[in-house]
Amino acid sequence: MASSYHLNGVEAWDGCTASAHALRQAQVDVVAAYPITPSTPIIQNYGSFKDNGYIDGEFVLVESEHAAMSACVGAAAAGGRVSTATSSQGFALMVEVLYQAAGMRLPIVLNVANRALASPLNIHCDHSDMYLGRDSGWISLCTCNPQEVYDFTLMAFRLAEHMGVRVPVMVHQDGFLSSHTVQNVRPLADHIAYKFVGDYVPVHPMFDFDKPVSYGAQAEEEWHFEHKAKLHHAIMESSSVLEDIFNDFAKLTGRQYNILETFDMEDAEVAIFALGTTWESAIVAAKKAREKGIKAGVVTTHLLRPFPFVALGEVFKKAKAVAIMDKSSPSGAMGALFNEIAASLYQVQGSRHPVLSNYIYGLGGRDLTQADLDHIFEELSQDAQKGALTHPTQQFIGLAGPKLSYF
Amino acid sequence: MVKEVKTLKSFSQSAEKFEGSHLLCPGCGHGIIVREVLNAVDGPIVLGNSTGCLEVCSAVYPHTSWDVPWIHIGFENGSTAISGAESMYKALERKGKYKGQRPKFVAFGGDGASYDIGFQFISGCLERGHDMTYICLDNENYANTGGQRSGSTPMGASTSTTPAGKVSFGKKERKKDLPLIMAAHGIPYTAQIAPNKWKDMNKKIKTALDTEGPCFINALSPCPTEWRYHSSLAIEMTDLAVDCLIFPLFEIFNGHELKITYRPRNVLPVRDYLGVQKRFAHLFKKENEHIIEALQKDVDARWEYLQRREEAKV
Ligand SMILES: Cc1ncc(C[n+]2csc(CCOP(=O)(O)OP(=O)(O)O)c2C)c(N)n1
Ligand code: SF4
């Protein structure tokens, strides 16, 4: 039996420590991992829990991230709770296996501390890796601070392992900005956290020798489509399960999460939509903008997959101009998030949707300042007054050198 | 638990864990080897498989040939999948959630999956010391994708990516010595097996499965389709391979103690083996004869090396 860990009502944790404690408390059976900045401390903390008797699961130190996810798949198919963590290049190396894990409906939980993708090599935060895995068949949860990392990692197990879901889940946090920023976190006691997550119930485990299963068969044109469609439906339906989990979690902790989080959106005419830590920065800017008479609001989502397009239509009903902030290179298109939101708004609001613009920011760890956000709200306000764009659709914020925009 | 198989009859009658309704070519070595492995086990076994002929021919949804728990993920990671399952066994057993008999953990991969793309993965599994056996089905080419060269293809073989042509005698490079590289991890047991020597094969599989810790077995798997010979001749091909010493049978304990397990009474010239397979037919042209000589020299040198290592026990 692993010994339980004494935690205070409030702990000073960074995001990596928070996620390692959540894995420990969920009593994961197998963690197979490989280090990469900035997710490394998750693995290191977990290793230290293991080596000090706080964990009685297996901790497998493999030779690459591809192997980490491969071992996770084998372990999950055998029939137990499984998790790992990674970032950036490590995530890229896992991508092949992410699809395979999802296709086999194995409820693995993956913590991702988001980081730029080379080249050039860069260790800082952007969301390139998040988008690389976006269509791999995993549910994707986004967080903005260590408290959320902790809470969402616990909830991720509940979601992934829910009998109506059985889809792997990733929990994203911003590399360094969240993963290495120490904040107050209110953890649950070990036994309460475990009770919330619940015992693992294996489905078709390989260790049931009376009913041998074949995992990862090939399915050609007669069946492949059906498997993908079933996975898609399970992912689409998981958002209502997540809402139930949010409500249960609120009863336990008083912390109520929503799929879309909004700030001052009731009467907002202009709004910023941003993921991860930028949500909190944008709230500060929105407050300042309101002092100047701009009716500003902010929106983020905790759920990137399934994409909450119906809720989005509601949230922007009164907005006249919306900035969609993309923290990854558009590489020859509008930003990834911009495309998602534009498509969703067109779907639910038709041509009545607000004026949309796309800001590319923060690549490779470039700071997004309050002045930048103030400027965006100013521009949005002009768009709102005119009822049309007053600037290029896509703009790069804080880029040195000539202005680059093709839209 | 591992069974002793005493007679060829009892061996041939106990293959219900890998059903006949697979799609392997007639005479394919893969099926013979898999049956042999499964026949050697009585208790629970968990199998991993890399992408390749065996995988695509044995589990096409909604069908499966496997009557034992089986997993395929990708081309390179059959070994790691099994290391994950073995880790899960340890975790569940420690937590009191698994109470049955300890399963055997076995992974199969083709030579492409083992010599090339999955090399690092196997090495990682061996280094970490999982209690598992990795079995390479060595047919010396990427058969599933149409017979391309692999790190195991012998020099001089004509393959779909190294075809013999006007200016080429086929593959230029020598075969990688995978079993010795794997043994160099210091693992408890490494062996080479061939399906014609079925008793030797059964004994080695039994040894590997009964040995605690990671074991590696390289199994010669004749491939009528890509080696280009008649499908009824699989066993004859392996007879020739082991008798001309192009595929010597040996085992290595703890990474250093080497034992030769079969010494042909009459060592045949390599050309006898080459001459019956169309993938080597072009070597018998005058301008390519030197390749046959080079292959013979390699085989002689390696046999000499294996014998010296056996004597020296290092
Ligand atoms: C990452 C990746 N690269 C390439 C392939 C294509 N592929 C599938 S099987 C195979 C060759 C298999 O050869 P081998 O391992 O020797 O097994 P055999 O089919 O000969 O039994 C290749 C190249 C793949 N499935 N995955
Ligand atoms: S191509 Fe070769 S390895 Fe593949 S099934 Fe046919 S005989 Fe066996």
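Residue numbers start from 1 in every chain, and the chains themselves are labelled A, B, ... in the order their sequence lines are given, proteins ahead of strands. Keep in mind that this is a model prediction, so the values were computed, not measured.
Note that the CD atom of B/Gln120 and the CD atom of A/Glu63 stand 4.5 Å from one another [nearest 0.5 Å]. Rounding to the nearest 0.5 Å places CD of A/Glu58 at 9.5 Å from NZ of B/Lys95.
A/Val82 is listed as a side-chain neighbour of B/Met88, based on a closest heavy-atom distance under 4.5 Å. The shortest side-chain heavy-atom distance between A/Glu96 and B/Glu76 falls under the 4.5 Å cut-off. Inter-residue side-chain proximity for B/Ile71 and A/Val213 is flagged as unmet; no heavy-atom pair is nearer than 4.5 Å.
Qualifying ring pair (Phe, Tyr, Trp, His ring centres under 6.0 Å) partners for B/Tyr189, counting only residues two or more places apart in sequence or in other chains: B/Phe253.
Counting heavy-atom pairs closer than 4.5 Å to chain A, the top residue among B/Ser83, B/Gly96, B/Ala81 is B/Ala81. By number of non-hydrogen pairs under 4.5 angstrom with chain A, the leading residue of B/Val56, B/Asn77, B/Ile73, B/Val60 is B/Ile73. Heavy-atom pairs under 4.5 Å with chain A peak, among B/Pro62, B/Ser79, B/Ser58, at B/Pro62. In terms of heavy-atom pairs under 4.5 Å with chain B, the best-connected choice from A/Ala78, A/Ala67, A/Ser64 is A/Ala67. Note: A/Asp56 leads A/Val30, A/Val60, A/Asp56 in heavy-atom pairs under 4.5 Å with chain B.
Of all residues in residues 98-113 of chain A, those placing a non-hydrogen atom less than 4.5 angstrom from a non-hydrogen atom of chain B are A/Gln100, A/Met104. Listed in order of number, the residues of residues 216-229 of chain A that approach chain B to under 4.5 Å between heavy atoms are A/Gly216, A/Ala217, A/Gln218, A/Ala219, A/Trp223, A/His227. Contacts from residues 189-210 of chain A to chain B, taken as heavy-atom pairs separated by less than 4.5 Å, involve A/Met206, A/Phe207, A/Phe209 in sequence order.
Both the backbone and the side chain of B/Phe121 come within contact range of chain A, with heavy atoms under 4.5 Å apart. Interface residue B/Glu55: only side-chain heavy atoms are found under 4.5 Å from chain A. Heavy-atom distances place the side chain of B/Leu92, and not its backbone, under 4.5 Å from chain A. Contacts between A/Val28 and chain B at a heavy-atom distance below 4.5 Å involve the backbone alone (N, CA, C, O).
No more than 12 heavy atoms of other residues, nucleotides or ligands sit less than 6.0 Å from atom CE of A/Met1.
A donor-acceptor contact under 3.5 angstrom links the side chains of A/Ser214 and B/Thr64, judged on distance only.
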